[in-house]
Amino acid sequence: MKRTHNCGEVGVKDIDHEIYLLGWVHRRRDHGGLIFLDLRDRSGIVQVVVSSQDAELFATAEKLRIEYVVQVSGKAVKRSPETINQQIKTGEIEIKCSNLEILNTSKTPPIEIADATTEPDEMVRLRYRYLDLRKDKMRENLVFRHKLIRAMANYLDQKGFIEIETPFLTKSTPEGARDYLVPSRVNPGKFYALPQSPQLFKQLLMIAGMEKYFQVARCFRDEDLRSDRQPEFTQLDLEMSFVTRDDVIEVIEGTLKHTLAELEKDIDKYRGKRIPLIELPFPRLTWDEAMNRFGSDKPDLRFGLELVDISDLVRDTECMIFARTVAAGGAVKCINVKEGENKLSRAELEKLEETAKKLGAKGLAWLVLTSNGPKSPIAKFFKEEELELIYTRTKCETGDVLLFVADYFDIACNVLGEVRLELGKKMQLIDYNSFHFTWVIDFPLFEYSKTEKRWVSRHHPFTSPQGNLDEIEEKFLKEPGRIKAQAYDLVLNGTEIGGGSIRIHRADIQHKIFKIIGIGEEEINRRFGFLIEALEYGAPPHGGVALGLDRLVMMLAGMDSIRDVIAFPKTQSALCPLTGAPDVVDPQQLKDIHIRTAI
RNA sequence: GGGCCCGUAGUGUAGUCCGGUUUAACACGCCUGCCUGUCACGCAGGAGAUCACCGGUUCAAAUCCGGCCGGGCCCGCCA
């Protein structure tokens, strides 16, 4: 169709030229004898003027309604100075309409596209997603996402990575999230699983000698949804041969630096101001450090309020809650809320304690250091010297408030970590326009699953342990919780946006790990035999990482939900209000795939 | 599986606590008419709501109670 310009790109340079435009009626201002149209396409809007001098043309223009699709042609003319609209890019000119064709009409949309002063309920937005996506904000988000993916792919291409697609119909493997299953028609009673990640295939690609692979990969996990979790999501997945952890980290840091530099203008536009570029290298915290200082394996480094361990100082105190906890091998952790005496109300303190209790702590002890000395329900149990040591360790000064949790190490950390986040928000310590990346390294290889009553892989069972691989079994028998993995997570502003590891490339070690986490010989062969066999044919040392693209885009664009950067997301109950998926199917379809439902 | 919040014209909200004063209000949108310089055009008029659904209490329910469906946030879950 004839189109000489995009709406948002007509300008002073086009004055007196005949312009052909295609687009949607964004707004219509009917003055009786003169009609103004704001015509919109993907590039922006431009004003079209239809005068009543041409009766036939004017009659057509009178029929127009919002979101009608039209072809317009006419001369671009300069606007008189008093009619220039500074608010739009094309505001210095307008199109004097000489021809107007209605390509399609539109029902009145349930979503206001032009003047979205209020946002409809998300259900309405998802039901009419194709209208919601017409809004500037949503289009910008998708364009931004596109640019980000292109920039990353270009960078990796330059660095010698090749993009390879891996199957969606693959094999269900135990461990990890619940699988989405796909029944096989040709093989009655058998199922494919949609991949939770391309993990095993990218390892096989390394064994195949591809050396550097990447993919913008769709992943599927049948778990409950959150504002940052969808049942299908996208990862920038990569894998490299002959690398150490630091080689992988360097590639990701390089990719992000390059990408954010490319997107600098877009990010600044989102934030309405200049955002400082990221500095390389990103800081690194060991997992132990992250837990100890921030009470989280995904620490938010946008503010301080770090946790302080005072277990050793209260070992022999007469405050029995503390002393007993330490004696039992637990920890006493503390946060110093600077000037908390004035900034924290009693009600707020009580709310924090409620949070602590919900998370499994027995309580949240507090101490206010007033100008008249300590005020606290537990102060009387402490000797003067003990308090002084605590003040020194926590850098506590007059007016500060100390919050304590005494419990098992992980509970104490988790609880105070949550309290810290709540305080950060409440006391407005967080700069929402800053990006704090950090690596968390040296994760434990195993963790104990209370529900399954066994040790499981913390990351996944293909992660290489640190240290001498041949000693893995002895080490596991001695101290399973102390074994560290060659794993690393990338964290941005308190959200995990990626993770990876150096993999096990020796068949014998891989076999041992499966055994350690309690997978029987028969099951190892049935589920993972192909991997172990592949490792036996000259598998190179390799490792990689995957970035959660949806989350990354969401955070860079400053959105609160991953759904705002996904074209067609699902609701919290994993439904698609637009298509109605999932839905019942024809009985014949079920018969074909040998499925009988039992509900 | 659990906790909290929400559901009122096409859209966003008020009204819900404390039942009757409401013929369910307001804004945007929509329809009709008027208007040749607007740009979130303006002016005049109009239509549009089984108050999510089902049941209960009551002389009387958008309002109270129970159930149920749907949405959101979170915990669990997410190698």
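Chain letters run A, B, ... following the sequence lines, proteins first, then strands; residues in each count from 1.
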For nucleotides 7-13 of chain B, give me one character per nucleotide, 5' to 3': B if any protein heavy atom sits under 4.0 Å from the base, S if the only such contacts are to the sugar-phosphate, - if neither.
---SSS-
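F530(A) is linked by a ring pair (Phe, Tyr, Trp, His ring centres under 6.0 Å) to nothing, counting only residues two or more places apart in sequence or in another chain. Not counting sequence neighbours, K351(A) has no partner by the salt bridge (Lys or Arg N to Asp or Glu O under 4.0 Å) test. For R129(A), the salt bridge (Lys or Arg N to Asp or Glu O under 4.0 Å) test picks out D132(A), with sequence neighbours left out. Scanning for ring pair (Phe, Tyr, Trp, His ring centres under 6.0 Å) contacts around F220(A) gives F168(A), with sequence neighbours left out. Judged as a side-chain hydrogen bond (donor to acceptor under 3.5 Å, both in side chains), and not counting sequence neighbours, the contacts of T355(A) are E422(A). In this structure, K171(A) has no salt bridge (Lys or Arg N to Asp or Glu O under 4.0 Å) partners at least two apart in sequence or on a different chain.
Applying a 4.0 Å cut-off to non-hydrogen atoms, none of the residues of residues 440-448 of chain A approaches RNA chain B. Contacts between residues 216-228 of chain A and RNA chain B, counted as heavy-atom distances below 4.0 Å, involve R221(A), E223(A), D224(A), R226(A), S227(A).
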Taking N or O atoms only and anything under 3.5 Å, show me the protein contacts with nucleotides 36-38 of chain B, one pair per line.
{"residue": "U36(B)", "atom": "OP2", "partner": "H31(A)", "partner atom": "O", "Å": "3.3"}
{"residue": "U36(B)", "atom": "OP2", "partner": "G33(A)", "partner atom": "N", "Å": "2.9"}
{"residue": "G37(B)", "atom": "N1", "partner": "E94(A)", "partner atom": "OE2", "Å": "2.9"}
{"residue": "G37(B)", "atom": "N2", "partner": "E94(A)", "partner atom": "OE1", "Å": "2.5"}
{"residue": "G37(B)", "atom": "N2", "partner": "E94(A)", "partner atom": "OE2", "Å": "2.9"}
{"residue": "U38(B)", "atom": "O4'", "partner": "H31(A)", "partner atom": "NE2", "Å": "3.4"}
{"residue": "U38(B)", "atom": "O2'", "partner": "H31(A)", "partner atom": "NE2", "Å": "3.4"}
{"residue": "U38(B)", "atom": "O2", "partner": "R29(A)", "partner atom": "NE", "Å": "2.6"}
{"residue": "U38(B)", "atom": "O2", "partner": "R29(A)", "partner atom": "NH2", "Å": "3.4"}
{"residue": "U38(B)", "atom": "O2", "partner": "Q47(A)", "partner atom": "OE1", "Å": "3.3"}
{"residue": "U38(B)", "atom": "N3", "partner": "Q47(A)", "partner atom": "OE1", "Å": "2.8"}
{"residue": "U38(B)", "atom": "N3", "partner": "Q47(A)", "partner atom": "NE2", "Å": "3.0"}
{"residue": "U38(B)", "atom": "O4", "partner": "Q47(A)", "partner atom": "NE2", "Å": "2.8"}
{"residue": "U38(B)", "atom": "O4", "partner": "R79(A)", "partner atom": "NH1", "Å": "3.2"}

Pull out every protein N or O sitting under 3.5 Å from an N or O of nucleotides 42-49 of chain B, one pair per line with the distance.
none

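When rounded to the nearest whole Å, the span between NZ of K570(A) and P of G71(B) equals 13 Å.
Side chains of Y213(A) and D237(A): a donor on one and an acceptor on the other come within 3.5 Å.
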Using a 3.5 Å cut-off and no angle test, enumerate the donor-acceptor pairs between side-chain atoms of residues 45-61 of chain A and protein atoms at least two apart in sequence or in another chain.
{"residue": "Q47(A)", "atom": "OE1", "partner": "R29(A)", "partner atom": "NH2", "Å": "2.9"}
{"residue": "Q47(A)", "atom": "NE2", "partner": "E94(A)", "partner atom": "OE1", "Å": "2.9"}
{"residue": "S51(A)", "atom": "OG", "partner": "Q53(A)", "partner atom": "N", "Å": "3.0"}
{"residue": "S52(A)", "atom": "OG", "partner": "G33(A)", "partner atom": "O", "Å": "2.9"}
{"residue": "D54(A)", "atom": "OD1", "partner": "E56(A)", "partner atom": "N", "Å": "3.2"}
{"residue": "D54(A)", "atom": "OD1", "partner": "L57(A)", "partner atom": "N", "Å": "3.2"}
{"residue": "T60(A)", "atom": "OG1", "partner": "E56(A)", "partner atom": "O", "Å": "3.1"}

